[in-house]
Amino acid sequence: MNLLGAELDELTPGSSTLSVSRRSDLLQQNGLFHGGVTAFLIDNGTTIAAATVLNSQQGVLTAEYKLNLFSPADGDQLICRSRVVKPGSRLVIVAADVFTKKDGREKQTAVALATIAVLDQSSLPLLRHAG
(Lines give C-alpha, C1' and ligand atoms only; values in the text may rest on other atoms or scores of the structure.)
Protein backbone atom coordinates (compact mmCIF):
# COMPACT_ATOMS: atom_id res chain seq x y z
CA MET A 1 0.00 0.00 0.00
CA ASN A 2 2.78 2.43 0.92
CA LEU A 3 4.90 1.62 -2.13
CA LEU A 4 2.07 2.43 -4.54
CA GLY A 5 0.60 5.24 -2.45
CA ALA A 6 -2.72 3.40 -2.25
CA GLU A 7 -5.41 4.67 0.10
CA LEU A 8 -8.21 2.85 1.89
CA ASP A 9 -11.07 5.22 1.08
CA GLU A 10 -14.00 3.24 2.47
CA LEU A 11 -14.47 0.20 4.67
CA THR A 12 -17.83 -1.28 5.64
CA PRO A 13 -18.86 -4.83 6.55
CA GLY A 14 -18.47 -6.80 3.33
CA SER A 15 -16.87 -4.09 1.22
CA SER A 16 -13.83 -1.91 0.69
CA THR A 17 -12.74 0.86 -1.64
CA LEU A 18 -9.08 1.45 -2.47
CA SER A 19 -7.59 4.07 -4.75
CA VAL A 20 -4.27 5.21 -6.11
CA SER A 21 -3.44 8.54 -7.74
CA ARG A 22 -1.65 8.81 -11.06
CA ARG A 23 2.15 8.84 -10.86
CA SER A 24 4.59 8.30 -13.70
CA ASP A 25 6.10 5.22 -12.02
CA LEU A 26 2.67 3.51 -12.00
CA LEU A 27 2.14 3.90 -15.74
CA GLN A 28 3.01 1.67 -18.66
CA GLN A 29 4.67 2.76 -21.93
CA ASN A 30 1.52 4.45 -23.30
CA GLY A 31 0.86 6.56 -20.21
CA LEU A 32 -1.94 4.35 -18.87
CA PHE A 33 -2.11 2.81 -15.40
CA HIS A 34 -0.18 -0.46 -15.60
CA GLY A 35 -2.27 -3.62 -15.38
CA GLY A 36 -0.16 -4.66 -12.41
CA VAL A 37 -1.48 -1.68 -10.46
CA THR A 38 -5.03 -2.81 -11.22
CA ALA A 39 -4.14 -6.36 -10.13
CA PHE A 40 -2.59 -5.04 -6.91
CA LEU A 41 -5.74 -3.06 -6.04
CA ILE A 42 -7.90 -6.12 -6.72
CA ASP A 43 -5.70 -8.44 -4.67
CA ASN A 44 -5.65 -6.09 -1.68
CA GLY A 45 -9.21 -4.80 -2.00
CA THR A 46 -10.78 -8.24 -2.18
CA THR A 47 -8.83 -9.60 0.79
CA ILE A 48 -9.67 -6.50 2.85
CA ALA A 49 -13.38 -6.85 2.00
CA ALA A 50 -13.28 -10.56 2.90
CA ALA A 51 -11.61 -9.84 6.24
CA THR A 52 -14.53 -7.61 7.26
CA VAL A 53 -16.88 -10.60 7.45
CA LEU A 54 -14.57 -12.74 9.61
CA ASN A 55 -13.77 -12.81 13.31
CA SER A 56 -10.54 -11.56 14.85
CA GLN A 57 -9.11 -15.09 15.08
CA GLN A 58 -9.25 -15.51 11.30
CA GLY A 59 -6.99 -14.23 8.56
CA VAL A 60 -7.24 -14.05 4.78
CA LEU A 61 -5.07 -15.06 1.88
CA THR A 62 -5.84 -14.81 -1.83
CA ALA A 63 -6.44 -18.25 -3.31
CA GLU A 64 -7.24 -17.09 -6.85
CA TYR A 65 -8.72 -14.31 -8.90
CA LYS A 66 -9.90 -13.82 -12.47
CA LEU A 67 -9.26 -10.35 -13.86
CA ASN A 68 -10.71 -8.86 -17.04
CA LEU A 69 -9.11 -5.63 -18.26
CA PHE A 70 -11.51 -4.19 -20.83
CA SER A 71 -10.85 -0.46 -21.13
CA PRO A 72 -7.67 1.65 -20.96
CA ALA A 73 -7.03 3.08 -17.47
CA ASP A 74 -6.12 6.60 -18.55
CA GLY A 75 -7.38 8.74 -15.69
CA ASP A 76 -5.93 10.68 -12.78
CA GLN A 77 -6.99 8.08 -10.22
CA LEU A 78 -7.63 4.34 -10.19
CA ILE A 79 -10.41 3.14 -7.86
CA CYS A 80 -11.21 -0.45 -6.82
CA ARG A 81 -14.56 -1.24 -5.16
CA SER A 82 -14.75 -4.75 -3.71
CA ARG A 83 -17.78 -6.51 -2.22
CA VAL A 84 -18.32 -9.90 -0.66
CA VAL A 85 -20.60 -12.02 -2.82
CA LYS A 86 -20.59 -15.19 -0.70
CA PRO A 87 -19.06 -15.45 2.76
CA GLY A 88 -17.98 -18.88 3.94
CA SER A 89 -16.11 -20.64 6.70
CA ARG A 90 -13.22 -21.69 4.44
CA LEU A 91 -13.58 -19.52 1.34
CA VAL A 92 -15.03 -16.06 0.73
CA ILE A 93 -16.04 -15.06 -2.81
CA VAL A 94 -15.48 -11.37 -3.57
CA ALA A 95 -16.23 -9.33 -6.70
CA ALA A 96 -14.32 -6.18 -7.61
CA ASP A 97 -14.91 -3.36 -10.08
CA VAL A 98 -12.11 -1.01 -11.08
CA PHE A 99 -12.68 2.49 -12.40
CA THR A 100 -10.49 5.30 -13.63
CA LYS A 101 -11.44 8.83 -12.71
CA LYS A 102 -10.72 11.70 -15.11
CA ASP A 103 -12.17 15.20 -15.04
CA GLY A 104 -14.51 14.14 -12.23
CA ARG A 105 -16.04 11.30 -14.26
CA GLU A 106 -15.58 7.59 -13.66
CA LYS A 107 -15.15 4.94 -16.35
CA GLN A 108 -15.00 1.23 -15.56
CA THR A 109 -11.78 -0.38 -16.75
CA ALA A 110 -11.76 -3.84 -15.18
CA VAL A 111 -13.75 -6.44 -13.28
CA ALA A 112 -12.60 -9.37 -11.17
CA LEU A 113 -13.88 -12.29 -9.14
CA ALA A 114 -11.68 -13.53 -6.30
CA THR A 115 -11.63 -16.54 -4.03
CA ILE A 116 -10.19 -15.66 -0.63
CA ALA A 117 -9.05 -18.42 1.71
CA VAL A 118 -9.99 -18.14 5.39
CA LEU A 119 -7.14 -19.06 7.72
CA ASP A 120 -6.70 -19.42 11.43
CA GLN A 121 -4.45 -16.51 12.51
CA SER A 122 -2.38 -18.87 14.66
CA SER A 123 -1.34 -20.72 11.49
CA LEU A 124 0.38 -17.57 10.19
CA PRO A 125 2.93 -16.66 12.88
CA LEU A 126 5.68 -15.63 10.44
CA LEU A 127 3.41 -13.47 8.33
CA ARG A 128 1.81 -11.82 11.35
CA HIS A 129 5.20 -10.80 12.76
CA ALA A 130 6.61 -9.73 9.40
CA GLY A 131 4.42 -6.64 9.49
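Taking 4.5 Å as the limit, some side-chain heavy atom of R22 sits within range of a side-chain heavy atom of L27. Counting only heavy atoms from C-beta outward, the side chains of L78 and T109 approach each other to under 4.5 Å. Between Q77 and F99 there is no side-chain heavy-atom pair separated by less than 4.5 Å. For the pair F33 and V20, the minimum side-chain heavy-atom distance is below 4.5 Å. Considering only heavy atoms from C-beta on, V84 stays 4.5 Å or farther from I93 through its side chain. With contacts defined as side-chain heavy-atom distances shorter than 4.5 Å, the pair I79/E106 qualifies. E10 places a side-chain heavy atom less than 4.5 Å from the side chain of T12. With a 4.5 Å cut-off on side-chain heavy atoms, V118 and L91 do not count as touching.
Side chains of E64 and T115: a donor on one and an acceptor on the other come within 3.5 Å. One side chain, D97 or Q108, offers a donor N or O that lies under 3.5 Å from an acceptor on the other.
With respect to Y65, the side-chain contact (heavy atoms from CB on, under 4.5 Å) criterion is satisfied by exactly one of D43, T46, L113: D43.
The main-chain N or O of A73 is never found under 3.5 Å from a side-chain atom of T100 such that the two would form a donor-acceptor pair. In this structure a side-chain-to-backbone donor-acceptor pair under 3.5 Å is present from Q28 to N30. The main-chain N or O of L4 is found under 3.5 Å from a side-chain atom of R23 such that the two form a donor-acceptor pair.
A salt bridge does not link D103 to R105: none of the charged side-chain nitrogens sits closer than 4.0 Å to a carboxylate oxygen.
What you find for P13 and T52 is that their closest heavy atoms are C-OG1, 3.7 Å. Shown here for G35 and L69, the closest heavy-atom pair between the two residues is CA-CD1, 4.5 Å. In this structure, A110 and L67 approach most closely via the heavy-atom pair CB-CD1, 4.0 Å. When all heavy atoms of K107 and D74 are compared, the pair lying nearest together is NZ-OD1, 3.4 Å. A pairwise comparison of heavy atoms in L11 and S16 identifies CD1-CB, 4.1 Å as the closest pair. Of all the heavy atoms in L54 and G88, the pair that sits closest is CD2-O, 4.5 Å.
Cluster annotation: L26 and L41 are assigned to the same hydrophobic cluster (Ile/Leu/Val/Met/Phe/Trp/Tyr, side-chain heavy-atom contacts under 4.5 Å, transitive). Using a 4.5 Å cut-off between side-chain heavy atoms of Ile, Leu, Val, Met, Phe, Trp and Tyr, with links allowed through other members, L32 and F40 fall into different hydrophobic clusters. At a threshold of 4.5 Å between side-chain heavy atoms, the hydrophobic network of Ile, Leu, Val, Met, Phe, Trp and Tyr places L3 and L8 in one connected group.
The CG atom of L119 lies 9.0 Å from the CD atom of Q58; values are rounded to the nearest 0.5 Å. For the atom pair S82 OG and I48 CD1, the distance stands at 8.0 Å (nearest 0.5 Å). Once rounded to the nearest 0.5 Å, the distance linking CG of L18 with CD of E7 reads 9.5 Å.
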Trace of the side chain to side chain contact (heavy atoms under 4.5 Å, CB included) decision for I116 with T62: CA-CA 5 Å; I116 308 301; T62 302; 4.0 Å; yes
